[in-house]
Amino acid sequence: MSILVNKDTKVIVQGFTGKEGSFHAEQCIDYGTNIVGGVTPNKGGQVHLGKPVFNTVAEAVASTGATVSMIFVPPAFVGDAVMEAAEAGIELAVIITEGAPVKDMQAAKAYATKHGMKTIGPNCPGIITAEECKIGIMPGMIFKKGNVGLISKSGTLTYEGANQVCNVGYGITTAVGIGGDPIIGLSYKQILPMFEADPDTECIVMIGEIGGDLEIQAAKLIKEQITKPVVAFIAGQTAPKGKTMGHAGAIVSGSAGTAKEKMEALEAAGVKVVVSPAEIGKAVKEVLSK
Amino acid sequence: MNVHEYQAKQIFAEYGVPTPKGIMAETVDAAVEAAKELGGPIWVVKAQIHAGGRGLGGGVKLAKSLDEVRELADEILGMTLVTHQTGPEGKLVQKLYIEDGADIKDEFYLSVILDRKLEMPLIMASTEGGMNIEDVAEKTPEKIITVPVDPTIGFQGFHGRELAFGLGITDKGEQKNIITFAQKLYKLYMDKDAEMIEINPLVRTGSGEFLALDGKMGFDNSALYRQPEIAAMRDLSEEDPDEVEAAKYGLSYVALDGEIGCMVNGAGLAMGTMDTINHMGGTPANFLDVGGSANAETVSKGFEIILKNPNVKAIFVNIFGGIVRCDRIANGIIEATKITDVNVPVVVRLDGTNAPEAAEILKNAHIANLIVADDLGDGAAKAVAAAKGEI
């Protein structure tokens, strides 16, 4: 078991024939992801990486039965691509592209929600169900199959966390990189209950950062609904106020969105909070061997 | 990206958002000319820097004669203004805004921001104008009115009425004025891909008009490609030169006041690395994300920027290679030691894609000062020890 995606998930790629899209789609195919085709306007009818190319998402869905789309289009076209996927009946759009305008994401997310389409990202590494399905840009080899679910705003901290979990002898069910933009799709609040319901997931690692209050919302939900042990790390304890730290959403505005308040809220919800990402593996081992 | 008050007011004027008349000046003579053109009899001489709290810092002053304008312009232009937002080092005033004095009856607060929870723009207003809004939010939250505006319907009459009644504005003419004001402000927020607009204070004049006495605007960097006239307003002299230089090479850099320089891939891991150093008793000198397309050139540039900081006593290179391959970073490190005189110990931790190849490259390069670490914790510990001169 896993959450959201598995070896049977049929995936298309929007921005399939571009440089980034091609490179990562090929890596995903090599990993074993069931990529059934791609979309690039005006290249419909061609074959790319051994898969059919379509002009529109609607055609791709009709022809392949795809339910998930991995989006690699340039930032200016992300809003359009997400709305096209929603309109075509895609169930989950994984948006990898970095630098999409916030206004476009507001509109796209509202439209996706209206059509019942889930989104992950933008500006994220994607989602991976270990040894089954990789939809994104993460290095597949570090995700060994196991019993730990992982949710993270940061790409490289996802890798760091997964690597440590595997190094202490456990593995990953599904890892979701939710992205660090001001407006994102699925967040802790939606994903934590999925891991709670997944019989194979026995422990959840949650990696957050400064800015916004998604981690505070998560703490409230954990207290009320999550019975499985949760290990958390919040990046940016040493970040100065009012400065954007790489991710557009990673900013402490005034006194809100600090690592400290998030860590305290999570601790109060019974979460095992670590002060350094170097301690994630150790903490997972500790809670799982109880 | 932020703009100056005078630029924000240019945008306001374009949208018919009322402001007092004003002219930007870069010299004392130009300031006096501007004052003559405006006519008086009262002017406000305002320092133009990208920071709030200018009035308290002595950067905003009232002049009652042209001589006084000259005097104040001479005083403010070229001064280093220190406010609660500039940090103790302050900011050099290079531009002034000379503005007509306004007939102020009372002061309000008005802003438009993105509400990240609701995922839509939020209009915030208060009768407590001229105060720090965070203090108001903390001490008297009931005095802050929030009106979210769903972009799918845009600014409607009811949004305006919530605002007007919430601020206790009872005169029908004044209600109409504040509603039109907010409507125009919302439109420009959306049209220009603004991240935030803050007017503090928004003043009510004796004749019941509303005027933006101050104007602060920030824009979504990701949307600047389609806002060329906003992008052209960027004032690089207001930004940290090292951050600007780093950005040219795709590096995201923020200077801090510690001793250990950090070079990391990914924003989250970069923050996590700083936190780990701190946890182990050291202090990070900077945040530096080399991004997903790091190569020899960007890495050596990173070293150069880190080493410009005289406080740096050791450097910690922490890379978890996903998209960015470790062998490229290793080559970058070697390249950097050829270009830049790396005179402090460098702790290197490379993990992920092509890590074994990277280890081989570093080993064969025989670089003095290079300390190899096994993992994040080990690397941070070694960097802290190296900065203290213990290894």
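No part of B/Q227 comes within reach of chain A, as not one of its non-hydrogen atoms sits under 4.5 angstrom from that chain. In this structure, the portion of A/M141 lying under 4.5 Å from any heavy atom of chain B is its side chain and not its backbone. Looking at A/Q27, there are no atoms closer than 4.5 Å to chain B (heavy atoms on both sides), in backbone or side chain. Proximity to chain A (any heavy atom under 4.5 Å) is shown, for B/D150, by neither the backbone nor the side chain. Both the backbone and the side chain of B/T276 come within contact range of chain A, with heavy atoms under 4.5 Å apart. With a 4.5 angstrom heavy-atom cutoff, A/L214 does not touch chain B via any of its atoms. If you measure heavy-atom distances from B/M190 to chain A, the contacts under 4.5 Å come from both the backbone and the side chain. Interface remark: B/Y253 contributes no atoms to any contact with chain A (heavy atom separation under 4.5 Å). Contact annotation for A/A76: both backbone and side-chain heavy atoms come within less than 4.5 Å of a heavy atom of chain B.
Per-residue counts of heavy-atom pairs under 4.5 Å with chain B were compared for A/E98, A/E279, A/K109; the largest is that of A/K109. Between chain B and the options A/A100, A/P75, A/A110, the largest number of non-hydrogen pairs under 4.5 Å is found for A/A100. Among B/I319, B/L114, B/N278, the residue with the largest count of heavy-atom pairs under 4.5 Å with chain A is B/L114.
A/D104 has a carboxylate O that lies under 4.0 Å from a charged side-chain N of B/R226, or vice versa, which qualifies the two as a salt bridge. Residues A/E160 and B/R349 are paired through a salt bridge, judged by an N-O separation under 4.0 Å between the basic side chain and the carboxylate. For the pair A/D213 and B/K117, the salt-bridge criterion is met [side-chain N within less than 4.0 Å of a carboxylate O].
Residues A/Q106 and B/P121 come closest through the heavy atom pair OE1-CD, 3.3 Å. The two residues A/A235 and B/G268 have their closest heavy-atom pair at CB-O, 3.7 Å. Taking each heavy atom of A/P277 and B/G272 in turn, the nearest pair found is CD-O, 3.5 Å.
With contacts defined as side-chain heavy-atom distances shorter than 4.5 Å, the pair A/Y111/B/T152 does not qualify. Looking at A/P101 and B/Y225, their side chains come closer than 4.5 Å, going by heavy atoms from C-beta outward. Put simply, the side chain of A/S154 does not reach to within 4.5 Å of the side chain of B/M271, judged on heavy atoms.
No side-chain N or O of B/N265 forms a donor-acceptor pair with one of A/T156 less than 3.5 Å apart.
When the options A/T158, A/I207, A/L157 are evaluated for a side-chain contact (heavy atoms from CB on, under 4.5 Å) with B/L269, the one that passes is A/L157.
For the atom pair OH (B/Y189) and NZ (A/K103), the distance works out to 10.0 Å, reported to the nearest 0.5 Å. Rounding to the nearest 0.5 Å places CG of B/D375 at 7.5 Å from CD of A/Q164.
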Exercise for review: Evaluate side chain to side chain contact (heavy atoms under 4.5 Å, CB included) for A/T238 paired with B/L256, printing each intermediate quantity in order.
Suggested key: CA-CA 9 Å; A/T238 47; B/L256 302 168; 5.8 Å; no

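A donor-acceptor pair under 3.5 Å is absent between the side-chain atoms of B/D275 and the main chain of A/S276, judged by distance alone.
Heavy atoms of other residues, nucleotides or ligands lying less than 6.0 angstrom from CG of A/N167 number more than 12. Counting non-hydrogen atoms of other residues, nucleotides and ligands closer than 6.0 Å to NZ of A/K144 gives a total above 12.
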